[in-house]
Amino acid sequence: MREIASEQRQILSGLFANFKPFPVLAEMVLEGPPGKAFADDSDPPRCAVAVTGHYTAFAGDASAPGAAELVRSISHLEWGALIGNAGWMELGRQILGSARTDKRHAFSAANLNRDHLRA
């Protein structure tokens, strides 16, 4: 596992390209200083994690050799949100033990009634 400096995080953009669970978290960490990013030792990386506060966004191949080490790297957090696809969630449960799944709901401003909001 290696930390990816903020000026080099673009190498992870392909892993997070279709990251749907919480895209703003991944985008924020990949674009600059807030948070940290780590990747497996593959070149190019096969899996990565973007971390800010207690939120962690996992992307790439959850079955890659370095994926378990990335999940273990957050085990020190008193609480945390592990965000990723089903493969990452299962790996998180295996390594971290008890875990709870919460459903997120998409939000779109397209259906908002502006007149109602102004009132």
Side-chain angles (χ1 to χ4, degrees):
M1 181 176 77
R2 60 186 163 126
E3 184 170 356
I4 308 298
S6 60
E7 63 274 3
Q8 297 173 329
R9 293 182 187 162
Q10 72 278 359
I11 67 168
L12 304 177
S13 61
L15 296 175
F16 287 96
N18 295 313
F19 190 77
K20 303 227 185 295
F22 195 3
V24 71
L25 184 149
E27 290 170 12
M28 178 179 68
V29 173
L30 294 182
E31 287 180 6
K36 294 185 177 196
F38 299 90
D40 65 339
D41 290 322
S42 301
D43 189 22
R46 290 180 55 196
C47 55
V49 60
V51 182
T52 182
H54 291 282
Y55 293 93
T56 57
F58 290 88
D61 185 359
S63 65
E69 185 179 5
L70 290 175
V71 172
R72 280 190 210 91
S73 74
I74 67 162
S75 64
H76 68 283
L77 296 176
E78 187 175 313
W79 68 271
L82 183 152
I83 304 162
N85 65 23
W88 284 105
M89 297 305 291
E90 181 56 33
L91 183 61
R93 283 187 189 95
Q94 289 172 11
I95 292 173
L96 302 173
S98 65
R100 176 179 103 216
T101 302
D102 288 329
K103 188 160 188 96
R104 297 196 72 223
H105 299 280
F107 176 80
S108 170
N111 295 322
L112 293 177
N113 181 323
R114 291 177 191 240
D115 293 332
H116 179 75
L117 291 172
R118 284 187 192 108

Residue pair [X] / [Y]: nearest heavy atoms and the distance that separates them:
X	Y	answer
Asp40	Ala64	OD2-CB, 4.5 Å
Arg46	Pro65	NH1-CD, 3.4 Å
Gly84	Met89	O-CG, 3.8 Å
Phe16	Ala48	CE1-CB, 3.9 Å
Ala37	Leu12	CB-CD1, 3.8 Å
Leu25	Ala57	CD2-CB, 3.3 Å

Legend entry - Side-chain donor/acceptor of Trp88 to backbone N/O of Gly60, under 3.5 Å: yes

Inset, instruction - Give a yes or no on whether the backbone of Val29 and the side-chain of Arg9 come within a donor-acceptor separation of less than 3.5 Å. - result: yes

Inset, instruction - Kindly indicate whether the side chain of Pro45, heavy atoms from C-beta on, has any atom under 4.5 Å from the side chain of Ile11. - result: yes

For the atom pair [atom1] ([X]) and [atom2] ([Y]), what is the distance rounded to the nearest 0.5 Å?
X	Y	atom1	atom2	result
Gln10	Gln8	CD	CD	7.0 Å
Glu90	Asn85	CD	CG	11.5 Å
Glu27	Ser13	CD	OG	11.0 Å
Thr56	Leu70	OG1	CG	10.5 Å

Inset, instruction - Please assess Ile74 against Phe58 for the test side-chain contact (heavy atoms from CB on, under 4.5 Å), listing each intermediate value before the final yes or no. - result: CA-CA 11 Å; Ile74 67 162; Phe58 290 88; 4.1 Å; yes

Inset, instruction - Step through the shown structure and confirm whether more than 12 heavy atoms of other residues, nucleotides or ligands are within 6.0 Å of CG on Asn113. - result: yes

Legend entry - ILVMFWY cluster, Met28 and Leu30 together (side-chain gap under 4.5 Å): no

